[in-house]
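Start at 1 and go down the list; that is how both ligands and their atoms are numbered. As the structure is a prediction and not an experimental result, all values here were calculated from the model.
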Amino acid sequence: MKITVIGMGYVGLVTACGLASFGHQVLGVEKNHSKLKKLMQFESPIYEQGLDELLNKAAAEGDIQFTTELNGADGSDLIFITVGTPSTNSGHVDLSQVYTVINQLVHIITKPTILVMKSTVPPGTGEKIIRRFLNKCKTEVNYISNPEFLREGKALLDWFYPDRIVIGGKDNDSIQQVKNIYKKINAPKLVMGITSAEMVKYASNAFLATKISFINEIANICDLLGADIDEVAPAVGMDKRIGSDFLRAGLGYGGSCFPKDTKGLNFISTLHGYNFNLLKAVIEVNFQQRLKAVHKLHTMLGGLAGKKIAVMGLTFKPGTDDVRESPALDILSLLASEGAVVKACDPHGKDNAFKYFSRKIIFCEDAYECAKGVQAVLLNTEWPQFIHLNWSIIKQTMQTPYFVYDGRNALDKKRLSKLGFKYCGVGRPCN
Ligand code: UDX
């Protein structure tokens, strides 16, 4: 099939490369010239494991091309929309990029096609798009909602081995065609209404975020009562009705999806007169969780002004260079504004984090340099590089009280205690 994918961000590029790997002829459209330059050289502008290889393979087989011109979309059997849908702090989702693209396509398309929405849009958006744009099209354009469930760092795994593929649409032939493009993927293909498909994405992310905030609250109570979340969470997760995934206590969720989608669902609920109390609490708990780390450092160091602190990990999770909504951003900013001398390091996220802070933070090349001379280390991201550090060397270069706040419960508490660190985790009793 001839497929155009519009927007070569993280979801778009994975989608384009994934579709090309099934033998479809894919055209990727990207308006940002510096991104396009890299793509033209078949180089991924984002860090995602395996993506460079997949892109190069598709290019070598002649299955993928890139352009800045939307006109190339005309004549495609399917057009995927994967442009950004950022949200404001209130949760209002900005659909201007989606609307701009569709408005342009309506004038460009001369042959019947299927418009597949992969960008995350609030429930009800698809119906609006059909009414506002597609019904006015000169040729037949059928609309399909096909949300993505790609985790950063594991996006290719999620693309090739998804738990399910959700297809929301009205026209049976279009639904069948979208099913066909995924025929090489062995997963349930769930057909439903457009608004339901849009809701599946929001409900899934809201539920996963709820699990995280829930276990973080339990961890906080463990802290107060002397229980250990490492003993509690696995035992809770063994109940098949609950499941063990997303029960890792820590500094809370970040990234480009959970914060945006939880706030987005809350906003759309409020807009329709519904008070989604549970979701509001999930969002609030997540914010408080990162403040707790600052509070703990304040308590353990007897204040923050003039204290030297190393923050290890800037990305919102390991395996990505993405720092969007990472707890580290709030933590760094709070520590610096309280007068602490803050050093930070990350194997892949340094450049992206640097854009937010300029001179306020000392960015270091590696963890050893980062820990030199500090009184406390905060682990923000559980990169294997940090877990496997030689903590004995770290200890020699640090200053008293040698405090480690393990914001991801990823470090070996016993070993660190033996080495003479003062250690606290999230819901893990301090030594
Ligand atoms: C998420 C969804 O998983 C994916 O399906 C969706 O389409 C996009 O959003 P992603 O943002 O890449 O993917 O990250 P994910 O691996 O789900 O983790 C999100 C955040 O939750 C991270 O900050 C992670 O550290 C945190 N997390 C996750 C926890 O704090 N505890 C857990 O148990 C699991």
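Among protein heavy atoms, the minimum distance from atom 31 (N) of ligand 1 is reached at Arg248 O, 3.0 Å. Of all protein heavy atoms, the one lying nearest to atom 17 (O) of ligand 1 is Phe246 CZ, 3.3 Å. From the protein, the heavy atom lying nearest to atom 7 (O) of ligand 1 is Lys201 NZ, 3.1 Å. At the shortest separation from atom 12 (O) of ligand 1 among protein heavy atoms lies Glu152 N, 2.6 Å. Among protein heavy atoms, the minimum distance from atom 14 (O) of ligand 1 is reached at Lys317 NZ, 3.2 Å. Shortest contact from atom 4 (C) of ligand 1 to any protein heavy atom: Leu150 O, 3.8 Å. The protein heavy atom nearest to atom 3 (O) of ligand 1 is Arg151 CG, 3.3 Å. When hydrogens are left out, the protein atom nearest atom 27 (N) of ligand 1 is Ile212 CD1, 3.4 Å; that is the closest non-hydrogen contact.
Judged by distance alone, the side chains of Ser21 and Lys184 never bring a donor and an acceptor atom under 3.5 Å apart. No side-chain donor from either of Asn205 and Lys260 sits under 3.5 Å from a side-chain acceptor of the other. Between the side chains of Glu382 and Asn409, no donor-acceptor pair is found at a separation under 3.5 Å. Between Tyr10 and Asp322, the side chains place no donor N or O within less than 3.5 Å of an acceptor N or O (distance only, hydrogens not considered).
No heavy atom of Lys154 sits closer than 4.0 Å to any atom of ligand 1. A heavy-atom separation below 4.0 Å is not found between Lys211 and ligand 1. Using a non-hydrogen distance threshold of 4.0 Å, Gly254 registers as a contact of ligand 1. Residue Gly255 places no heavy atom under 4.0 Å from ligand 1.
To the nearest 0.5 Å, atoms CD (Glu30) and NZ (Lys35) are separated by 4.5 Å. To the nearest 0.5 Å, the span separating CD on Gln177 from CD1 on Ile114 amounts to 4.0 Å.
Annotation for ligand 1: atoms under 4.0 Å from non-hydrogen atoms of Arg408 are 25 (O), 30 (O). Shown in contact with Leu247 at under 4.0 Å from a heavy atom are these atoms of ligand 1, numbered in order with element: 33 (O). Each of the atoms 20 (C), 21 (O), 23 (O), 26 (C) of ligand 1 lies under 4.0 Å from some heavy atom of Tyr253.
Closest heavy-atom approach to atom 2 (C) of ligand 1 within the set Phe149, Phe316, Phe258: this belongs to Phe258. Nearest-residue assignment for atom 8 (C) of ligand 1 (options Ser213, Cys257, Gly153; heavy-atom criterion): Cys257.
Using a 4.0 Å cut-off between heavy atoms, Asn205 contacts ligand 1 through its side chain alone, with no backbone atom that close. Looking at Asp261 against ligand 1, nothing comes within 4.0 Å, counting heavy atoms.
Between Phe133 and Tyr99, the distance separating the two ring centers is shorter than 6.0 angstrom.
Using a 30° and 60° split on the angle between ring planes, Tyr253 and Phe258 fall in the perpendicular class, above 60°. The aromatic rings of Phe22 and Phe160 stand perpendicular to each other, their planes meeting at an angle above 60°, with 30° marking the opposite boundary. Between His298 and His295, the ring planes are parallel. Angles under 30° get that label, and only those over 60° would be called perpendicular.
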Task: Verdict with supporting geometry, Leu247 and Ile242, side-chain contact (heavy atoms from CB on, under 4.5 Å) - done: CA-CA 10 Å; Leu247 286 185; Ile242 297 172; 4.2 Å; yes
- [ ] Might you work through the disulfide bond (SG atoms under 2.5 Å apart) test for Cys370 and Cys364, ending with a clear yes or no?
- [x] CA-CA 5 Å; Cys370 193; Cys364 304; 4.4 Å; no
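Residue Glu382 places no N or O, backbone or side chain, under 3.5 Å from any N or O of ligand 1.
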